[in-house]
Student: 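I have a structure here, written as structure tokens, and I will follow up with some questions on it.
So you know, we letter chains A, B, ... as the sequences are listed, proteins then strands, and number each from 1.
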There are 2 protein chains.
Amino acid sequence: MGARRRSRKPLTRERILDAAVTFADEHGVDALTMRKVAKALGAGVMSLYNHVAHKEEMLFGMVDRVVGEIEQPSFDDDWKQAMRDSAKAAHTMLMRHRWAAAEWSRQMPGPQRIRYMDAILRVLTDAGLQPHVVYHGYHAITMHIVGFALQQIGYEQVLGEDFEQMASAFLADLSDTHPHMAEHVRAHLDDEDHGDEFTFVLDLLLDGLERANT
Amino acid sequence: MGARRRSRKPLTRERILDAAVTFADEHGVDALTMRKVAKALGAGVMSLYNHVAHKEEMLFGMVDRVVGEIEQPSFDDDWKQAMRDSAKAAHTMLMRHRWAAAEWSRQMPGPQRIRYMDAILRVLTDAGLQPHVVYHGYHAITMHIVGFALQQIGYEQVLGEDFEQMASAFLADLSDTHPHMAEHVRAHLDDEDHGDEFTFVLDLLLDGLERANT
DNA sequence: ACCTGAACACCGTTCAAGT
DNA sequence: ACCTGAACACCGTTCAAGT
């Protein structure tokens, strides 16, 4: 132990994306730096540029790489169940790579995301939904997946701060001026039943799509 | 004309946020720099720090400022119509300030956003929806608003690039390997009926909430 | 073909000094 | 109380040089 250089293997786009994803998982995407990725690989900064065009393109590759971790939906199951499982898998991935949801919404689709989209569109099409319902459904579902992850991550981030005492003072203030908001925050705090909010809203969408098809 | 210093008025948080929003609207949030905001105001960089804590806090203020531009929903109309109008107003704002949707999902709610949330929660509550439906409904609706804006902005950004010729080459490739995806892209390109996708999915949600209430 | 250090043109922010 | 320039510790990326 104690060796400084990380590896003798040659640098690769693959290895760079790996290191970058690991770093972002651990330290957040804001702390992600070309210099730090290089260091994690025991290479000079400029060596990275032989395999990625620039930082933004590296981020593009990173998102696409983690999207590839989502397992494909089943084409045999009940379509709604297949969608629920696939959405859940996507959600789990976005919670594992907490930077990925924001980046997903910033970057263009790469090969893995195109493959993912194609699979979802196929499930909806095979379910017998009309083209315009498939079209809207695809957007509604992916929006829900990414949007929900973004919101949950933001919410959990707040919880990480000086929350316990802040919350009650905040609620006291709020109760006078914004009663509905205060009630909503309270509901968040006693996080009881809404444990499966993700599925609740997803089902709202799936049922809605089914009904819109008639 | 030709005066370099922008103004003799003293620096204010208000004026700083104004300048920053205007700059971000024009040049995008990536190009937004403390130095450039200062220059736009004819002030030294460090003067900004007398009124905002740091760049991140300035961005927080910027989002909250533009959220304040969304007009409050009506409490008299049919609740669904009120929600549709309010969602439309929010969407229009997010299209006017194209950086705002991404920032909305990154920043904590400020005073204006709390006021906005409270109003929406009130509409849903007054509609007679059960607490857990209000709770889920609020999230589903705001998720749709922000998520839709993010997706539309991303999509329009792609269109701005070397698209016309790229699209057909891209489609040819795609048709073989990802037929459903190719079909979806084609549907996007003939942007016919889906003109009101935003409302279509929103109505899916509103109807779903109503039904979930029984 | 791949790797790299030096250098450039930027950043956000600290600090100490001004009024 | 507000303003500011100089300085610090970083960035991403260009370039020219190495193998």
Student: Within a 6.0 Å radius of atom CD on A:E14, are there more than 12 heavy atoms belonging to other residues, nucleotides or ligands?
Tutor: no

Student: Under 4.0 Å between a side-chain N/O of A:H51 and OP1 or OP2 of C:dC3, yes or no?
Tutor: yes

Student: Suppose we screen for side-chain contact (heavy atoms from CB on, under 4.5 Å). Which residues come up paired with A:D126, at least two apart in sequence or across chains?
Tutor: A:R122

Student: Round to a whole Å and report the spacing from CG of A:N50 to P of C:dC2.
Tutor: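 Rounding to the nearest Å, CG of A:N50 and P of C:dC2 are 7 Å apart.
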
Student: What residues form a side-chain contact (heavy atoms from CB on, under 4.5 Å) with A:R65, not counting sequence neighbours?
Tutor: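 Partners of A:R65 by the side-chain contact (heavy atoms from CB on, under 4.5 Å) criterion, ordered by chain and then number, come out as A:L17, A:D18, A:V21, A:E69.
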
Student: B:E71: which residues meet the salt bridge (Lys or Arg N to Asp or Glu O under 4.0 Å) condition with it, sequence neighbours left out?
Tutor: none

Student: Go through the structure and list residues passing ring-ring contact (aromatic ring centres under 6.0 Å, His included) with B:Y138, not counting sequence neighbours.
Tutor: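 Scan of B:Y138 (ring-ring contact (aromatic ring centres under 6.0 Å, His included), adjacent residues dropped) gives A:H184.
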
Student: With B:E183, which residues qualify under side-chain hydrogen bond (donor to acceptor under 3.5 Å, both in side chains), at least two apart?
Tutor: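 B:E183 satisfies side-chain hydrogen bond (donor to acceptor under 3.5 Å, both in side chains) with no other residue.
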
Student: Mind checking side-chain hydrogen bond (donor to acceptor under 3.5 Å, both in side chains) for B:Q112 and listing every partner two or more places apart, or none if nothing turns up?
Tutor: B:R115

Student: What pairs with B:H51 under ring-ring contact (aromatic ring centres under 6.0 Å, His included), at least two apart in sequence or on another chain?
Tutor: none

Student: Extract the stems that DNA chain D is part of, considering only consecutive pairing runs of at least three Watson-Crick or G-U wobble pairs, both distances under 3.5 Å.
Tutor: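 Paired runs of 3+ in DNA chain D: C:4-8 with D:12-16, C:12-16 with D:4-8.
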
Student: For each nucleotide in nucleotides 8-19 of chain C, reading 5' to 3', give B when a protein heavy atom comes within less than 4.0 Å of its base, S when such contact involves only the sugar-phosphate, and - otherwise.
Tutor: ---BBBBB----

